[in-house]
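What follows is one structure encoded as structure tokens, with my remarks underneath.
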Protein chains: 2
Amino acid sequence: MSRWIVAYHHGDLPAALLAAVESAIADSGVSGVSLRDVARRAGVSHAAPAHHFGSKAGLLTAFAAAGYQLLAESVIKEVAASDAADGAAELAAIGRGYVRFAVSHPAHFEVMFRLDALDPGNAEFVAASEAAYGLLTATVERCRAAGRLHGRPPEVVAVSAWSLVHGLSALWISGRLPERIAEQDPQRLAAAVSDLFVEAVLPPARAGGSDAGL
Amino acid sequence: MSRWIVAYHHGDLPAALLAAVESAIADSGVSGVSLRDVARRAGVSHAAPAHHFGSKAGLLTAFAAAGYQLLAESVIKEVAASDAADGAAELAAIGRGYVRFAVSHPAHFEVMFRLDALDPGNAEFVAASEAAYGLLTATVERCRAAGRLHGRPPEVVAVSAWSLVHGLSALWISGRLPERIAEQDPQRLAAAVSDLFVEAVLPPARAGGSDAGL
DNA sequence: AGCGGTATCTTGCCAGTGTCTAGTTTGTTC
DNA sequence: GAACAAACTAGACACTGGCAAGATACCGCT
């Protein structure tokens, strides 16, 4: 067994190519990224990316999968940083973590949801996406067990929470949002929106009882 | 003055090209659309689209502006179809109309928010977008006047409502959502999510008083 | 030390793309 | 009918993604 899994000519070209994708998107947007430009940025020939990722869709899919991992890390970190006494506080933290990821890694975020430019059946991509979604459903289930859903369908609450922070992230990154409102700090806005949702939709339970399950 | 503004060779090539864009996106996704393919679909030479729209970005920008008009029409129609007794019911109708537009015209919706492929400074595009956004802020203002904001900042409520339905639309169209949940009718889901938001965030005012303004 | 095998990466090619320039056709106006 | 403007075509250019063939560097094995 070798000490490094990949350490031939370049060192770790796949990682270098993914980094090149990020800087290329930062410079010219997702639609402006080309395999050849990415290859140039990494200092290799124009056909090298295809060797590792199969095609442009394969490269972007790997980039998107890496994005899902960054998303999960950001969410977990934000939950850990908060007190997160209960599921509701945890849900607000997840929302902040989601937006924090999107704003810190807009290139990843944009690619993750451009399924027409990706290979959506890719196993790694699906697994990474499942793992991230599981964080949300687990927390909504915790809210349900604590009786904070007040009879609302868990699925609707989960979809609403996800849509809320996803929409906020997408609108912020697209630039449609910051040009229209006074608040210019996305993190404060994310906190306000998340708190609004949790306070209004998931107020503390009256008795100690729990809601009905899914 | 001529009776028709544009009626030379083709009849109305700009409109035909915009229709061709929609079918091209339906066939091969936004990233798969090319000026030459659009021209072929309209039965004209490869350089004809550039003559009318300047560039690929110009063509997509015109398509996005048309999307904003369709969005406004869908929202207004949904509000009119509902009873819409007060601002809160109106807001829920706006949410349903937003999602209905996105699901009925996914090609337009996707292009509208791909600002990296557009010419975001285009006057028509900006105006169409402003008009659509104005419908939302006007309704939130009506809720505020009716005392249904309960002290919450109007800006945060407006952003939350917009983010909620935008996220729901984007996730549904991207396919990430329908593959994860039981509800397969986007319109019923939109109604459930909109109602959840309005019930929880904008319950009827206790007294008759109004909240503080912006 | 040297050999075979393999993964890495390069080079060259192809059809297709967006944009530019020049030219042709068509309709309007005087 | 002639001058003009607008609509559209035809050709060229640099660029793209994908493919096939080859060169290079590393590894395990004897």
Side-chain angles (χ1 to χ4, degrees), chain A residues 1-21 23-25 27-64 111 114-119 122, chain B residues 1-21 23-25 27-64 111 114-119 122:
Chain A
M1 199 196 293
S2 63
R3 285 199 290 158
W4 299 286
I5 297 177
V6 174
Y8 294 90
H9 303 46
H10 180 282
D12 190 357
L13 184 53
L17 289 171
L18 292 177
V21 168
S23 78
I25 294 177
D27 285 357
S28 30
V30 178
S31 55
V33 56
S34 79
L35 276 182
R36 292 168 116 99
D37 180 42
V38 168
R40 275 190 294 268
R41 287 170 190 264
V44 293
S45 82
H46 69 266
H51 174 71
H52 287 282
F53 297 101
S55 66
K56 184 177 184 180
L59 174 63
L60 291 180
T61 302
F63 187 73
V111 171
R114 296 215 175 170
L115 265 63
D116 63 321
L118 267 46
D119 178 17
N122 179 278
Chain B
M1 198 197 296
S2 63
R3 285 198 291 157
W4 300 285
I5 296 175
V6 172
Y8 294 92
H9 302 46
H10 182 282
D12 191 356
L13 184 52
L17 290 170
L18 292 177
V21 167
S23 77
I25 294 177
D27 285 355
S28 31
V30 179
S31 54
V33 56
S34 79
L35 274 184
R36 292 169 114 100
D37 180 42
V38 168
R40 275 190 294 268
R41 287 171 190 263
V44 292
S45 81
H46 69 268
H51 173 70
H52 287 283
F53 298 101
S55 67
K56 182 176 185 181
L59 174 63
L60 292 179
T61 302
F63 187 73
V111 171
R114 294 215 176 171
L115 266 63
D116 63 321
L118 268 46
D119 178 16
N122 178 280

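Letters A, B, ... mirror the listed sequences (proteins, then strands); counts begin at 1. Remember, it's a predicted structure, so these values are computed and weren't measured experimentally.
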Atom pair distance, as rounded to whole Å: CG in L60(A) and P in dT16(D): 15 Å

Using only heavy-atom distances, decide whether a donor-acceptor pair under 3.5 angstrom links the side-chain of H46(B) to the base of dG16(C). no

Could you state the atom-to-atom distance from CZ of F53(B) to C1' of dC20(C) in whole Å? 19 Å

Hey, what bend do you get for the helix from dA1(C)-dT30(D) to dC30(C)-dG1(D) if you fit axes on five pairs at each end, rounded to 10°? 10°

Would you say D119(B)'s side chain and T61(B)'s backbone share a donor-acceptor pair under 3.5 angstrom? no

Rounded to whole Å, CG of D12(B) lies from C1' of dA6(D) at a distance of 15 Å

Between C1' of dA10(D) and CZ of R40(B), the distance in whole Å: 15 Å

Winner on side-chain proximity to S45(A), out of dT10(C), dT16(D), dA12(D), is dT10(C)

Within the structure, does a side-chain N or O atom of H51(B) lie under 4.0 Å from either OP1 or OP2 of dA7(D)? yes

Steps toward side-chain hydrogen bond (donor to acceptor under 3.5 Å, both in side chains) verdict (R114(B), S31(A)): CA-CA 9 Å; R114(B) 294 215 176 171; S31(A) 55; over 6 Å; no

Using whole Å, report how far NZ of K56(B) lies from P of dT19(C). 8 Å

OP1 or OP2 of dA14(D) versus the side-chain N and O atoms of R36(A): is any pair under 4.0 Å? no

Proximity to the side chain of L35(A) - top-ranked nucleotide from dT17(C), dT9(D), dG17(D): dG17(D)

Could you state the interatomic distance from OG (S45(A)) to CZ (R40(A)), rounded to the nearest 0.5 Å? 11.5 Å

Report which part of the nucleic acid A50(A) touches: base, sugar-phosphate, or nothing (heavy-atom distance under 4.0 Å, all strands). nothing

Gap separating the CG atom of L35(A) from the CG atom of L60(A), nearest 0.5 angstrom: 7.5 Å

Taking only the side-chain heavy atoms of A47(A) (C-beta and beyond), determine which of dT16(D), dT11(C), dC8(D) contains the nearest atom. dT11(C)

Flag side-chain contact, heavy atom, 4.5 Å: L59(B) against L18(B): yes

Given side-chain contact (heavy atoms from CB on, under 4.5 Å), test V44(A) with H52(A) step by step and report yes or no. CA-CA 12 Å; V44(A) 293; H52(A) 287 282; over 6 Å; no

Under 4.0 Å between a side-chain N or O of H52(A) and OP1 or OP2 of dA7(C)? no

Please find the pair of heavy atoms, one from A62(A) and one from F53(A), that lie closest to each other, and give the distance. CB-CE2, 3.5 Å

